[in-house]
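Following this message is one structure expressed as structure tokens.
In listed order, ligands and their atoms are each counted from 1.
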Amino acid sequence: MSFSKLGLSEAVLKGVQAVGYTEPTAIQVRAIPPVIEGRDLIASAQTGTGKTAAFALPILTRLKQHGKCRCLVLEPTRELAAQVETAFRDYARFTDLRAALIHGGVGYHNQQRELQRGVDIVAATPGRLEDHLNRRTLHLNDIEILVLDEVDRMLDIGFLPAVKRLVSLCPKARQTLFFSATVPPEIAQFAAWALR
Ligand code: AMP
């Protein structure tokens with residue numbers, strides 16, 4: 001299988017080439033085409049499988065060019081949010097799409113400035129994201145694609161209530177991508193509510 005057969009845009013294919021990937025991983029082969037088609041997705045995939053590119057590449061293809069803040073990726077930890085934001089920036093280097101990183105434990109000023117500049121994609125942890133929403137430095141009215149990543153870890157950390165509040169603030173007519181290494185009943189129930 002080659003990346004060029006998956007329906008990715010030229011600019012995104014150039015980005016993939018620049019980061020040095022030659023062949024898509026199993027999850028990328030299976031997830032990229034339906035995400036480009038705009039379908040919701042539930043995937044049981046662990047870190048290390050190429051999961052980030054499996055959602056980031058088709059999302060960048062769909063967003064095409066800079067506009068409103070249309071994609072939100074929720075992550076359980078700062079480290080994961082930072083990795084995802086870096087990956088988006090890497091893959092998007094031949095587009096004008098912009099990604100921002102929102103997490104706690106640091107000041108608000110830089111994050112606020114980033115958001116004011118105008119971003120297409122936000123990678124965030126739930127707590128700080130809610131703070132920004134309360135401060136009105138960001139809103140979720142234009143979100144078209146929502147990624148819930150590492151949902152089982154979000155459940156373990158106790159983030160599920162915050163994640164549910166955030167999902168409720170996103171438009172109903174959206175695409176939702178759901179990733180969890182394991183899918184116990186509580187997570188299956190949450191997926192049934194969040195996905196179409
Ligand atoms: P992830 O599962 O998203 O955390 O990715 C694990 C690692 O695999 C990261 O360092 C990625 O840069 C790398 N990676 C993702 N997709 C590919 C690919 N198709 N070929 C080679 N490396 C990849």
* Quick one: nearest non-hydrogen protein atom to atom 19 (N) of ligand 1, plus distance? -> E23 O, 2.8 Å

* E10 atom CD, neighbour heavy-atom count above 12 within 6.0 Å -> no

* To do: Would you name the heavy atoms of L63 and R70 that are closest together and state the gap between them?
  => O-NH1, 3.1 Å

* Which atom of L140 lies closest to which atom of L169, heavy atoms considered -> CB-O, 3.8 Å

* Could you tell me whether atom 7 (C) of ligand 1 has a protein heavy atom closer than 4.0 Å? => no

* Say whether T49, considering both its backbone and side-chain N or O atoms, lies within less than 3.5 Å of an N or O atom on ligand 1. => yes

* Asked: Is there at least one pair of N or O atoms, one from P24 and one from ligand 1, spaced under 3.5 Å apart?
  -> no

* Asked: Looking at E114 and V119, what are the two nearest heavy atoms and their distance?
  -> O-CG1, 3.6 Å

* Asked: Can the positive tip of R128 be found less than 6.0 Å from the middle of the six-membered ring of Y108, inside 45° of the ring normal?
  -> yes

* Minimum heavy-atom distance between L160 and E186, given as atom pair plus value -> CD2-OE2, 4.2 Å

* Asked: Distance-only, no hydrogens or angles: does the D152 side chain make a donor-acceptor pair with backbone N or O of S180 under 3.5 Å?
  -> no

* **Protein non-hydrogen atom below 4.0 angstrom of atom 13 (C) of ligand 1 present** => yes

* Residue pair L72 / L129, side-chain heavy-atom distance below 4.5 Å -> yes

* **N or O contact, T52 vs ligand 1, cut-off under 3.5 Å** => yes

* Look at atom 16 (N) of ligand 1 and say whether a protein heavy atom is found at less than 4.0 angstrom from it. => yes

* Report yes if Y21 has an N/O atom closer than 3.5 Å to an N/O atom of ligand 1; otherwise report no. => yes

* Quick check: does Q83 get an N/O under 3.5 Å from an N/O on ligand 1? -> no

* Just distances here: any N/O of G50 and N/O of ligand 1 closer than 3.5 Å? -> yes

* Atoms in ligand 1 flagged as close to F3, the criterion being non-hydrogen separation under 4.0 Å -> 19 (N)

